K.L.:
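For reference, the structure I am asking about is given below.
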Amino acid sequence: MDNYEKFKKDVYALTGIDLDAYKEKQMRRRIETLIGKNKIKTYDEYVALIKTNKEKFEEFVNYLTINVSEFYRNPDQWDYMDKEIIPDLISKFGKNLKIWSAACSTGDEPYSLVMALSRHLPLNQIKIYATDIDKQVMAQAQVGLYNEKSLVGVPADLKAKYFKKVGASYQISDEIKSRVEFKQGNLLLDNYPSNYDFIVCRNVLIYFTDEAKTDVYSKFAKSLKPGGILFIGSTEQIIGYKELGYKRRSSFFFEKEA
């Protein structure tokens, strides 16, 4: 392979994705596998391909964004959220909570949030703002069709109520889908929305450099209201969370200091 530095600049110009924010060895290996799969020898040839071929461009973005997703991932954390975090947020901020699912992938997470909240609030009072860099996975999310393995963590009553079996797959109900607004967004590049009560961003930042992680967590803190909560993944930690303006509620829930 030729010049990776030039390739990173070309990718940034084309997609707005900054490959410098990802761990280089890991990302480079992933990209070179994909380039090889397309029977291409150089980065320049590959850039020329994704510039002119929409399908290959979408494939590339999809490949870069790591989509390992499932409903109610780490169920004990969702249980803690159900018993401790949601009641606390409702008592602090009322029933029209502002919630952002950042890097929402195929929709499992924002839909899980709607279902979890439905135990506490009427569906018509629930609204989740969900963003991801990858248009393709968001299109999948809006279809709302999942395999059985994705649903392992879903509580039985919610699974019975909100999913319909279609062949070997499961279709999530329109009443859940209608509570989520999807929008393309880049955590490393875009301005963040403000005044949120609850932000969920899980198992995405593990792929970022420490510097990029700190930057994102700092921006999340600015996006939250005082007393608002950030829910992170079980493989993640916030280094220096106090300096960023958080206090720890549990291993994976951080509250913005008032």
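Just so it is clear, the structure is predicted and the values come from calculations on it, not from any experiment.
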K.L.:
Centres of the Tyr46 and Phe60 rings: under 6.0 Å?
P.N.:
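Tyr46 vs Phe60: aromatic centres under 6.0 Å.
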
K.L.:
In terms of side-chain geometry, is the basic nitrogen of Lys8 or Glu5 positioned less than 4.0 Å from the acidic oxygen of its partner?
P.N.:
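Yes.
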
K.L.:
Testing the 3.5 Å rule here: is there a donor-acceptor pair between the side chains of Asn147 and Ser150?
P.N.:
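Note: Asn147 and Ser150 side chains meet the donor-acceptor criterion.
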
K.L.:
If the threshold is 4.0 Å, N to carboxylate O, is there a salt bridge linking Lys183 and Asp190?
P.N.:
no

K.L.:
Between Lys37 and Thr33, do the side chains contain a donor N or O and an acceptor N or O under 3.5 Å apart?
P.N.:
no

K.L.:
How close do Arg202 and Asn74 get, counting heavy atoms only, and between which atoms?
P.N.:
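What the structure gives for the nearest pair is NH2-OD1, 2.8 Å.
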
K.L.:
What's the spacing between Met138 CE and Cys104 SG if we round to 0.5 Å?
P.N.:
6.0 Å

K.L.:
Measure across Pro155 and Arg119 and return the closest heavy-atom pair with its distance rounded to 0.1 Å.
P.N.:
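Heavy atoms only, the tightest pair is CB-NH2, 3.3 Å.
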
K.L.:
Should the pair Lys98 and Tyr196 be classed as cation-pi, given the thresholds of under 6.0 Å to the six-membered ring centre and 45° from the axis?
P.N.:
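Yes, a cation-pi geometry holds between Lys98 and Tyr196.
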
K.L.:
Side chains of Ser118 and Leu158: closer than 4.5 Å at any heavy-atom pair?
P.N.:
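SC-SC contact between Ser118 and Leu158 confirmed.
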
K.L.:
Set out, in order, the CA-CA distance, both residues' side-chain angles and the distance that settles side chain to side chain contact (heavy atoms under 4.5 Å, CB included) for Tyr217 and Glu236, then state yes or no.
P.N.:
CA-CA 11 Å; Tyr217 287 136; Glu236 295 162 332; 3.9 Å; yes

K.L.:
Going through the checks in order, is the side chain to side chain contact (heavy atoms under 4.5 Å, CB included) test met by His120 and Asp82?
P.N.:
CA-CA 9 Å; His120 301 265; Asp82 179 53; 2.7 Å; yes

K.L.:
Determine whether Tyr111 and Lys177 make a side-chain contact, defined as any pair of heavy atoms from C-beta on separated by less than 4.5 Å.
P.N.:
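When only atoms from C-beta onward are counted, Lys177 and Tyr111 do touch, with a gap below 4.5 Å.
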
K.L.:
CG of Leu117 to CD1 of Ile126: how many Å apart, nearest 0.5 Å?
P.N.:
5.0 Å

K.L.:
Hydrophobic clusters here meaning ILVMFWY residues chained together by side-chain heavy-atom distances under 4.5 Å, can you tell me if Ile206 and Met27 are in one?
P.N.:
yes

K.L.:
Does the side chain of Tyr170 come within less than 4.5 Å of Lys159's, by heavy atoms?
P.N.:
yes

K.L.:
Could you tell me how the ring of Phe198 sits relative to the ring of Phe231: parallel (under 30°), tilted (30 to 60°) or perpendicular (over 60°)?
P.N.:
parallel

K.L.:
Just checking, is any N or O donor in the side chain of Thr42 or Asp44 under 3.5 Å from an acceptor N or O on the other one?
P.N.:
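The answer is no; no qualifying pair exists.
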
K.L.:
Could you give the distance from CG (Leu189) to CD1 (Ile133), rounded to the nearest 0.5 Å?
P.N.:
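Rounded to the nearest 0.5 Å, the CG-CD1 separation comes out at 8.0 Å.
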
K.L.:
With a 3.5 Å distance limit and no angle check, can you tell me whether Thr131 reaches the backbone of Ala102 through a side-chain donor-acceptor pair?
P.N.:
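No, Thr131 side chain to Ala102 backbone: no donor-acceptor pair under 3.5 Å.
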
K.L.:
Please tell me if the side chains of Thr214 and Ile239 come closer than 4.5 Å, counting only heavy atoms from C-beta onward.
P.N.:
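Heavy-atom side-chain distance check fails, nothing below 4.5 Å.
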
K.L.:
Do Ser105 and Asp132 have side-chain atoms, one donor and one acceptor, less than 3.5 Å apart?
P.N.:
no

K.L.:
Does the side chain of Glu24 reach to within under 4.5 Å of the side chain of Thr209, using non-hydrogen atoms?
P.N.:
no

K.L.:
Given Phe253, which of Leu230, Asp88, Ile229 fulfils the side chain to side chain contact (heavy atoms under 4.5 Å, CB included) condition?
P.N.:
Ile229

K.L.:
What class does the angle between the rings of Trp100 and Tyr129 fall in, given that below 30° is parallel, 30 to 60° is tilted and above 60° is perpendicular?
P.N.:
tilted

K.L.:
Just do the side chain to side chain contact (heavy atoms under 4.5 Å, CB included) check on Lys9 and Lys6 with the steps written out, would you?
P.N.:
CA-CA 5 Å; Lys9 289 192 179 80; Lys6 177 178 182 295; 5.7 Å; no

K.L.:
For a 4.5 angstrom cut-off between non-hydrogen side-chain atoms, does Phe163 reach Val154?
P.N.:
yes

K.L.:
Look up atom CZ in Phe7 and atom OH in Tyr12, then write down how far apart they are to the nearest 0.5 Å.
P.N.:
15.5 Å

K.L.:
For Ser234 and Gln77, run side chain to side chain contact (heavy atoms under 4.5 Å, CB included): C-alpha distance rounded to whole Å, both residues' side-chain angles, the deciding distance at 0.1 Å, then the answer.
P.N.:
CA-CA 9 Å; Ser234 57; Gln77 292 166 32; 3.3 Å; yes

K.L.:
If hydrophobic clusters are built from ILVMFWY residues whose side chains come within less than 4.5 Å, do Leu19 and Leu14 share one?
P.N.:
yes

K.L.:
So, Phe71 versus Trp78, ring centres under 6.0 angstrom or not?
P.N.:
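No, the ring centres sit 6.0 Å or more apart.
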
K.L.:
Within this structure, what is the CG-CD distance for the pair Leu49 and Glu55, rounded to the nearest 0.5 Å?
P.N.:
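Those atoms lie 10.0 Å apart.
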
K.L.:
Return the minimal non-hydrogen interatomic distance between Leu187 and Lys219, and the atom names on each side.
P.N.:
O-NZ, 4.2 Å

K.L.:
Return yes if a side-chain donor-acceptor contact under 3.5 Å exists between Tyr43 and Glu32, otherwise no.
P.N.:
yes

K.L.:
Crowded around Gln237 CD? As in, over 12 foreign heavy atoms under 6.0 Å?
P.N.:
no

K.L.:
Might you point out which heavy atoms bring Thr235 and Asn203 nearest each other, and give the distance in Å?
P.N.:
OG1-OD1, 3.2 Å

K.L.:
Does Arg249 count as lying over the ring of Phe254, i.e. NZ or CZ under 6.0 Å from the six-ring centre, within 45 degrees of the axis?
P.N.:
no

K.L.:
Identify whether NZ of Lys or CZ of Arg in Arg28 sits under 6.0 Å from the centre of the six-membered ring of Tyr4 and within 45° of that ring's axis.
P.N.:
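Ring-cation test returns yes.
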
K.L.:
Whether the Arg179 and Asn124 side chains hold a donor-acceptor pair (N or O, under 3.5 Å, no angle test) is what I'd like checked.
P.N.:
no

K.L.:
Would you name the heavy atoms of Lys95 and Ile90 that are closest together and state the gap between them?
P.N.:
CG-CG2, 4.2 Å

K.L.:
Among side-chain atoms of Ser101 and Glu109, is any donor-acceptor pair under 3.5 angstrom?
P.N.:
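Yes.
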
K.L.:
On a heavy-atom basis, which atom in Phe182 and which in Gln142 lie closest, and how many Å separate them?
P.N.:
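Nearest heavy atoms, Phe182 then Gln142: CD1-CG, 3.6 Å.
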
K.L.:
Are Leu188 and Phe208 packed together at the side-chain level, in the sense that at least one heavy-atom pair is separated by less than 4.5 angstrom?
P.N.:
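Leu188 vs Phe208: side chains touch.
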
K.L.:
Report yes if some heavy atom in the side chain of Val204 is under 4.5 Å from a heavy atom in the side chain of Val216; otherwise report no.
P.N.:
no

K.L.:
Ion pair present between Asp157 and Lys161, side-chain N to carboxylate O less than 4.0 angstrom?
P.N.:
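No, Asp157 and Lys161 are not salt-bridged.
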
K.L.:
Is the cationic atom of Lys51 (NZ for Lys, CZ for Arg) positioned less than 6.0 Å from the six-membered ring centroid of Phe57 and within 45 degrees of its normal?
P.N.:
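No.
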
K.L.:
Enter the distance from Ile86:CD1 to Leu121:CG here, rounded to the nearest 0.5 Å.
P.N.:
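Taking CD1 in Ile86 and CG in Leu121, the distance rounds to 8.0 Å.
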
K.L.:
Testing Lys225, Arg248, Lys92, Lys242 for salt bridge (charged side-chain N to carboxylate O under 4.0 Å, His left out) with Glu255, which one passes?
P.N.:
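Running salt bridge (charged side-chain N to carboxylate O under 4.0 Å, His left out) over Lys225, Arg248, Lys92, Lys242 with Glu255 returns exactly one hit, Lys92.
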
